[in-house]
Structures are given as structure tokens and as C-alpha cells.
J.: 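Starting off with a structure, shown below.
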Amino acid sequence: MVKWRRREPRLAEADYALRLAVMAADAEVDEETADRLLYATSSAVLRAERPEDVMAILAALRPLGEKAPHRYVFLLTYASAVAALDQETAQYVYDALRQFKGRLLETGRNWSLVETVVAYANLLKKYAIPADSWEDAVADMCQVYAAIAAPGRGSPAQRLLGAVAKAHVIAVALGSNALAPLVQRHCGLGDLVREAEAVRDALDIQPGELRKIEKDDADFAELVAAWGAGAEKSLKALRAMLTAELARHKLFRAWEPEDAAKEFEKAAEMYRGLEWGSYIAARSWAVRARVLAAGSWGELLERAEGFQKLCREAEPPEPAAVYLAPAAYALGDCLVYLAASGDKKKAEKLLKERRQLLEYVPWVSVTARLMLRLFGVGEGASREEVVGASVPDADRELVERLKSEIEGKAPEARLLLDRADGKTLAEVLAPGDFRAQLALMLLAAVEGRADAVRLHGLWGSVAYGEPLLRQLFRAVYENCGDLNSEGCRIALLKLYYF
């Protein structure tokens with residue numbers, strides 16, 4: 001246990017600790033023993049390979065959580081951070097947080113309250129909680145946050161714990177127009193940009209002062225031990241996360257692309273040396289923000305040149321998932337820039353050399369290869385790759401229902417609908433998210449079906465909640481009557497780089 005507080009348990013150690021904890025869960029153990037067992041098994045959630053494994057671990061250790069909820073909440077936080085969080089696990093985490101909230105507030109352990117706020121924030125940022133529970137979840141999160149940030153808790157450590165919790169609370173508000181007013185009302189926040197900048201400054205503490213706080217305050221020391229990476233690196237990563245959320249807010253909600261690009265660049269510098277994937281992503285979004293604001297073809301290509309520079313940095317440090325996905329994104333962005341700028345030979349050579357990396361993220365590979373084909377590079381992607389299987393032609397009755405659904409949301413679509421066949425209508429309505437919509441739109445563009453491209457654009461302009469995304473789809477509808485026009489190519493490139 002002493003060793004594991006200084007380093008993350010090795011795989012064999014974590015497996016042994018998990019087996020021991022599961023056996024002890026059904027036995028009579030006191031709070032201290034439950035605390036130690038849960039601490040030892042916390043990395044098992046992080047190491048779980050499948051979402052269903054996370055659920056199994058949480059359920060098996062729940063009896064220990066009943067005895068030491070202040071420690072079990074760390075497992076809930078780790079589970080809430082899983083990238084592919086399924087709905088069943090998300091609901092389990094949310095229900096457990098609600099059940100243990102009262103007991104956690106009674107313990108007075110601020111480090112566990114901070115982790116409770118983080119767990120709620122993770123679920124809310126992913127919209128992993130049903131919409132009819134959002135306000136209850138926000139109210140719970142803010143109640144716990146208020147206990148950490150209560151007046152009278154004026155020591156440097158308590159102020160820092162409050163700032164850590166507040167950073168996660170603000171991140172929820174910055175990332176969602178729907179959640180922002182709920183968070184502001186229940187947590188008592190004012191202007192989100194000013195609040196975020198103030199918290200970011202509060203988290204910027206000199207190493208010497210930080211070591212003193214950790215030495216003098218058991219609450220903060222316990223939280224740092226759970227973080228595993230040390231106080232300085234953990235706070236720097238938190239500042240970077242908050243900066244990236246602030247940048248997204250300025251880009252997607254305030255439409256301040258240049259300010260957003262500068263914030264993304266700040267985030268990238270903070271992530272440098274800490275989280276390679278997050279560093280590459282922040283660098284990429286700095287370029288994207290400026291590309292989305294380009295007013296002409298020449299200006300777009302000039303700004304998109306940053307993707308080629310980034311591609312040189314995006315060589316994965318090692319062949320691990322955490323590195324391969326960001327590298328695949330960067331490669332796709334670079335390839336499309338090269339093709340759009342006319343450097344087809346370089347694009348073809350790079351595609352041939354790095355095809356395996358590009359295909360690590362299938363939808364990135366498909367959309368990039370379709371964009372490349374539009375600019376005369378490569379063979380594109382097949383219909384089977386885009387949709388998984390051919391979309392069948394619909395019968396007459398279904399065609400009329402599809403037409404009615406589209407026209408109900410987009411009355412302007414009548415002329416396009418009169419010329420659309422059943423397959424086109426099914427393609428337009430089939431996607432569950434904008435990436436699939438983009439892929440099918442690009443497939444239609446490669447096949448020369450301008451009306452289908454415009455219909456995708458019109459539907460996308462009313463089907464998605466993000467205002468900037470709707471605007472980009474609308475530009476496709478308005479400019480792609482001629483697929484070879486400069487306006488259409490600008491519109492498609494901006495949507496690709498969204």
C-alpha cells in the first residue's frame with residue numbers, strides 16, 4: 001500500500017488486489033479495511049478493457065463501497081471517465097453518487113467531495129444522464145461543490161480544493177448551451193469566461209508553495225495520492241483541460257475564432273510533455289478555428305497549411321491506442337490539405353506510406369479518402385465502407401414517409417425531394433451523428449449527385465443542435481449546386497475540418 005501511494009500498481013499487483021477485494025466484499029470488514037482494499041483496486045477500473053468489465057468491478061466492490069463510500073467514489077470517478085461509457089454503467093454510477101451523496105457530505109473529507117464533483121461533471125459533459133435528470137444531477141453536483149467552497153474554508157489548501165472542484169463545474173457549463181444556465185443558477189456562477197479565467201489563475205501555483213500545501217494539509221495530500229501523477233502535473237493538466245474547454249466555448253458558442261485559436265494554443269503548451277494526444281488535438285483545433293473563419297479559398301489554404309506542419313509532429317511515440325487515434329486524425333487533416341492545395345503527388349505518397357495508421361480510426365479514414373477523391377487523389381471509399389452495407393431502395397410508401405419527415409423540418413427541401421430517390425432519402429435520414437452524415441454526403445459528392453449533397457446539407461442545417469455545425473451544413477446546401485465550384489469546395493472543407 002505504501003508503495004502504491006508512490007506509484008501506480010503493476011498489472012499483476014492490481015489483479016491480485018482486485019481478487020482479494022472481491023473475496024473480502026462478502027465478508028465482515030470494517031471501514032478502514034474496506035478503505036484500503038478499495039484504494040488498492042482503484043487502478044483495476046482504469047485498466048478495464050471493456051465497458052462491461054467496469055460495470056462488473058463496480059458491482060462486485062459495492063459492498064465495500066457501502067462501508068467506505070469516501071473511497072468508493074474514486075472508482076465511480078474513474079468509471080465516469082471511461083471513453084466508451086455505456087448507458088447502463090453511466091446510470092449505475094449516477095445512482096450510486098445519489099445514494100452516497102448524503103454520507104459523503106457528512107464525512108467532511110473534502111478530497112472525496114472533489115472526486116464526487118468530478119464524477120458528476122464527467123457524466124454531464126458526456127450527456128450520459130437522461131435529459132430529464134440533468135437538472136437534478138446539476139443540483140446534486142452544485143450542492144457538493146458548495147460544501148467544498150463554503151465560506152470560512154480559507155486555508156490555502158481548502159481554497160485550492162475549491163478551485164479544483166470549480167474548474168470541473170465550469171467545464172460542464174462551458175461545454176453545453178443546455179447545461180450552462182442550470183450550472184450558473186445552481187452553482188451561483190456569473191460570466192463563464194471570467195469565471196474560467198479566474199479559476200485557471202487560481203490553479204497556477206508555484207511548485208514550492210504547492211509542496212508546502214501538500215505537506216500541511218491531509219485532505220489535499222489524499223487527493224494528490226489518488227491522482228497518481230503528482231500535484232504539479234495534475235494541476236497543470238487540469239488547467240489545460242479548462243483552457244481547452246474555454247477555447248471550445250469561444251469557438252462554438254461565442255464565435256470568436258481567433259480568440260479560440262489562441263486559447264487552444266495555450267492549452268497545447270500546457271499539455272506539451274504531459275498528454276501527447278491532448279497536445280496534438282489542441283494544436284489541431286487551433287488550426288481548425290482559423291480555417292473555419294477563412295473568407296476565401298486562398299485564405300483557407302494559407303491557414304490550413306498548419307495541418308502539414310502538425311503532421312510532422314504527429315508521429316506516435318509508441319503503438320498504443322492513446323497515441324494512434326490522435327495521430328490518425330492529424331494524418332487525415334494533413335492529407336486533405338495537401339490534396340486541396342494541389343500537391344497531389346505528396347498526398348498520394350503519404351497516403352501509400354501511412355494508410356495503415358489512417359485506418360486505425362475507420363471513420364477518419366473513410367471521410368479523408370472521400371475528400372482526397374474529390375481533389376483527384378486515391379480511389380475514395382466504397383459505399384460498403386461508408387454505410388457498412390448498401391442502403392436499399394425504399395418502397396413507395398416509405399419514400400413518402402421519408403419525404404414527409406424531411407419536409408416537416410426543412411420546408412425548403414420540396415424541390416430537392418421531388419427529384420430524390422428512396423436510397424438518397426434513406427441515406428439522408430439514416431445517420432445518427434454528423435460524422436456519418438458527412439461521410440454519406442461526401443460519397444454523394446464523389447458520385448456527382450449534387451442534389452443529394454445539397455439535401456444532406458439542408459437536413460444537417462436543421463437536424464443538429466450545435467449552431468456552428470448547422471451553419472456549416474447550411475453553407476453546403478447553399479453553395480453545392482455546382483460540386484466543382486470554389487464555394488462548394490470551401491463549404492465541404494470547412495465541414496470536414498469541424
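Remember, predicted model here, so these are calculated numbers, not experimental data.
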J.: If you count the non-hydrogen atoms of other residues, nucleotides and ligands that lie under 6.0 Å from CD in Gln206, is the total more than 12?
T.: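 Incorrect, the count does not exceed 12.
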
J.: Check for me whether the distance between the ring centres of Phe434 and Trp459 falls short of 6.0 Å.
T.: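 No, too far apart.
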
J.: Looking only at atom types and distance, does a side-chain atom of Trp363 sit under 3.5 Å from a main-chain N or O of Ala436, one as donor and one as acceptor?
T.: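 Checked: no pair found.
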
J.: Does a donor on one side chain and an acceptor on the other come within less than 3.5 Å for Ser133 and Asp136?
T.: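 On atom types as modelled, these side chains do not qualify, holding no pair under 3.5 Å.
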
J.: If you take all heavy atoms of Val117 and Tyr145, which pair is closest and at what distance?
T.: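 Smallest heavy-atom distance, with atoms named: CG2-N, 3.8 Å.
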
J.: Between Thr243 and Arg239, is there a donor-acceptor pair closer than 3.5 Å when you use the side chain of the first and the backbone of the second?
T.: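 Between the backbone of Arg239 and the side chain of Thr243 there is a qualifying donor-acceptor contact (under 3.5 Å).
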
J.: For side-chain contact (heavy atoms from CB on, under 4.5 Å), just list the numbers for Lys250 and Val193, CA-CA rounded to whole Å, side-chain angles, deciding distance to a tenth of an Å, and then say yes or no.
T.: CA-CA 9 Å; Lys250 289 186 174 184; Val193 172; 4.1 Å; yes

J.: Can you spot which of Glu305, Glu265, Glu256 makes a salt bridge (Lys or Arg N to Asp or Glu O under 4.0 Å) with Arg290?
T.: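 That would be Glu265.
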
J.: Before accepting this row, confirm whether a basic side-chain N of the pair Glu412/Arg474 lies closer than 4.0 Å to the acidic partner's carboxylate O.
T.: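 Answer for the salt bridge query: yes.
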
J.: Any idea which heavy atoms bring Ala339 and Leu372 closest together, and the distance?
T.: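 So the two residues come closest at CB-CD2, 3.6 Å.
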
J.: Just to verify, which of Phe252, Tyr271, Phe307, Tyr329 counts as forming a ring-ring contact (aromatic ring centres under 6.0 Å, His included) with Trp285?
T.: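 When Phe252, Tyr271, Phe307, Tyr329 are each tested with Trp285, the ring-ring contact (aromatic ring centres under 6.0 Å, His included) holds only for Phe252.
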
J.: Side chains of Tyr337 and Leu493: does their closest heavy-atom pair fall under 4.5 Å?
T.: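 Heavy-atom side-chain distance check fails, nothing below 4.5 Å.
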
J.: Run the numbers on Leu455 and Asp451 for side-chain contact (heavy atoms from CB on, under 4.5 Å), then give the verdict.
T.: CA-CA 6 Å; Leu455 192 55; Asp451 281 351; over 6 Å; no

J.: Should the pair Glu348-Lys345 be classified as a salt bridge under the 4.0 Å nitrogen-to-oxygen rule?
T.: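 Salt bridge between Glu348 and Lys345, a charged N being under 4.0 Å from a carboxylate O: no.
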
J.: Determine whether a donor-acceptor pair (N or O, by modelled atom type, separation under 3.5 Å) exists between the side chain of Ser234 and the backbone of Ala231.
T.: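 No: the side chain of Ser234 does not pair with the backbone of Ala231.
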
J.: Using a strict cut-off of less than 4.0 Å between a Lys/Arg side-chain nitrogen and an Asp/Glu carboxylate oxygen, indicate whether Asp333 and Arg288 qualify as a salt bridge.
T.: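 Counted as a salt bridge, because a side-chain N and a carboxylate O are separated by less than 4.0 Å.
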
J.: If I compare all heavy atoms of Leu416 with all of Tyr477, which pair ends up nearest, and what's the gap?
T.: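 Closest approach of Leu416 to Tyr477, heavy atoms only: CD1-CE1, 3.8 Å.
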
J.: Check residues 168-180 and write down every donor-acceptor pair under 3.5 Å in which the side-chain atom is one partner and the other belongs to a residue at least two apart or another chain.
T.:
{"from": "Ser176", "atom 1": "OG", "to": "Tyr127", "atom 2": "OH", "distance (Å)": "2.9"}
{"from": "Ser176", "atom 1": "OG", "to": "Ala178", "atom 2": "N", "distance (Å)": "3.2"}
{"from": "Ser176", "atom 1": "OG", "to": "Leu179", "atom 2": "N", "distance (Å)": "3.0"}
{"from": "Asn177", "atom 1": "OD1", "to": "Arg253", "atom 2": "NE", "distance (Å)": "3.4"}

J.: Quick check against the 3.5 Å criterion: does Lys126 have a side-chain atom that pairs as donor or acceptor with the backbone of Val82?
T.: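 Looks like yes, one N/O pair under 3.5 Å.
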
J.: Could you check whether atom CD of Glu302 has more than 12 heavy atoms from other residues, nucleotides or ligands sitting under 6.0 Å from it?
T.: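 Counting other residues, nucleotides and ligands, CD of Glu302 stays at 12 neighbours or fewer.
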
J.: Mind running side-chain contact (heavy atoms from CB on, under 4.5 Å) on Lys166 and Leu189 for me, showing each step along the way?
T.: CA-CA 10 Å; Lys166 191 172 185 178; Leu189 300 182; 3.7 Å; yes

J.: Could Glu315 and Arg354 be called an ion pair, given the rule that one side-chain N must be under 4.0 Å from one carboxylate O?
T.: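 Salt bridge present between Glu315 and Arg354.
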
J.: State whether the side chain of Glu353 and the backbone N or O of Leu350 hold a donor-acceptor pair below 3.5 Å, judged by distance alone.
T.: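 Not a single qualifying donor-acceptor pair exists.
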
J.: Does a salt bridge link Arg454 with Glu478, judged by any charged N lying under 4.0 Å from a carboxylate O?
T.: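 Not counted as a salt bridge, because no side-chain N and carboxylate O are separated by less than 4.0 Å.
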
J.: Step through the shown structure and confirm whether more than 12 heavy atoms of other residues, nucleotides or ligands are within 6.0 Å of CZ on Arg435.
T.: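 Result for CZ/Arg435: enclosed.
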
J.: First locate atom CG of Leu235, then atom CG of Leu160, and finally report the distance between them rounded to the nearest 0.5 Å.
T.: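 CG of Leu160 is found 5.5 Å from CG of Leu235.
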
J.: Begin with the C-alpha distance, continue with both residues' side-chain angles, and end with the deciding distance and a verdict on disulfide (SG to SG under 2.5 Å) for Cys480 and Cys488.
T.: CA-CA 5 Å; Cys480 287; Cys488 181; 2.2 Å; yes

J.: Test your reading of the model: is there a side-chain donor-acceptor pair from Arg470 to the backbone of Tyr464, 3.5 Å cut-off?
T.: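 Looks like yes, one N/O pair under 3.5 Å.
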
J.: Judged by atom type as modelled, is there a donor-acceptor pair below 3.5 Å linking the side chain of Lys494 to the main-chain atoms of Arg489?
T.: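 Such a contact is absent between Lys494 side chain and Arg489 backbone.
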
J.: Looking at Glu88, I want to see if its CD is surrounded by more than 12 non-hydrogen atoms of other residues, nucleotides or ligands under 6.0 Å.
T.: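 Not more than 12 within 6.0 Å, no.
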
J.: Any donor and acceptor pair, going by atom type alone, linking the side chain of Glu195 with main-chain N or O of Asp191 inside 3.5 Å?
T.: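 Pair absent, no side-chain N/O of Glu195 close to backbone of Asp191.
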
J.: Please determine whether the number of non-hydrogen atoms from other residues, nucleotides or ligands lying under 6.0 Å from atom NZ of Lys344 exceeds 12.
T.: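 12 or below, so no.
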
J.: Which residue, Met270, Arg200, Glu197, forms the side chain to side chain contact (heavy atoms under 4.5 Å, CB included) with Leu242?
T.: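 Answer after filtering Met270, Arg200, Glu197: Arg200.
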
J.: Side-chain contact test, heavy atoms from C-beta onward, threshold under 4.5 Å: evaluate it for Arg312 versus Lys309 and give yes or no.
T.: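 Yes; the side chains approach each other to less than 4.5 Å.
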
J.: Side chains of Gln91 and Asp95: any donor to acceptor distance under 3.5 Å?
T.: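 Yes, because at least one side-chain N or O of Asp95 sits under 3.5 Å from a partner of the opposite role on Gln91.
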
J.: Would you call Lys236-Glu232 a salt bridge at under 4.0 Å N-O?
T.: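 Not counted as a salt bridge, because no side-chain N and carboxylate O are separated by less than 4.0 Å.
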
J.: Is Cys311 close enough to Cys334 that their SG atoms are under 2.5 Å apart?
T.: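 Cystine link not detected, SG atoms outside the 2.5 Å cut.
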
J.: Given side chains that start at C-beta, do those of Arg383 and Leu443 come closer than 4.5 Å, heavy atoms only?
T.: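 SC-SC contact between Arg383 and Leu443 confirmed.
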
J.: Can a side-chain donor-acceptor contact be found between Arg369 and Ser365 if the only test is distance below 3.5 angstrom?
T.: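 Indeed, the side chains of Ser365 and Arg369 share at least one donor-acceptor pair under 3.5 Å.
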
J.: Does a side-chain heavy-atom distance below 4.5 Å link Glu135 with Arg185?
T.: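 Side chain of Glu135 against side chain of Arg185, heavy atoms only: contact under 4.5 Å found.
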
J.: Measure from the side-chain N and O atoms of Gln184 to the backbone N and O of Gly190, and report whether any donor-acceptor pair falls under 3.5 Å.
T.: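 Side chain of Gln184 to backbone of Gly190: a pair is present.
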
J.: If you measure from the Lys or Arg side-chain nitrogens to the Asp or Glu carboxylate oxygens, is any gap between Glu379 and Arg373 under 4.0 Å?
T.: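 A salt bridge is absent here (no side-chain N lies under 4.0 Å from a carboxylate O).
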
J.: Can you confirm whether His186 sits close enough to Met141 that some side-chain heavy atom of one is under 4.5 Å from a side-chain heavy atom of the other?
T.: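 His186 does not reach Met141 side chain to side chain.
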
J.: Using 4.0 Å as the upper bound for N to carboxylate O, is an ion pair formed by Arg272 and Glu269?
T.: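 Arg272 and Glu269: salt-bridged.
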
J.: Can you tell if the side chain of Met371 reaches within under 4.5 Å of the side chain of Thr367, non-hydrogen atoms only?
T.: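 Result no, sub-4.5 Å side-chain heavy-atom pair not found.
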
J.: So, do Val287 and Tyr497 sit near enough that their side-chain heavy atoms are less than 4.5 Å apart?
T.: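 Contact flag for Val287/Tyr497 side chains = no.
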
J.: State, yes or no, whether a side-chain contact exists between Leu97 and Leu123 at a heavy-atom distance under 4.5 Å.
T.: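 Yes, close enough: below the 4.5 Å cut-off.
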
J.: Leu468 vs Phe473, test: side-chain contact (heavy atoms from CB on, under 4.5 Å). Steps then yes/no.
T.: CA-CA 9 Å; Leu468 179 55; Phe473 269 109; over 6 Å; no

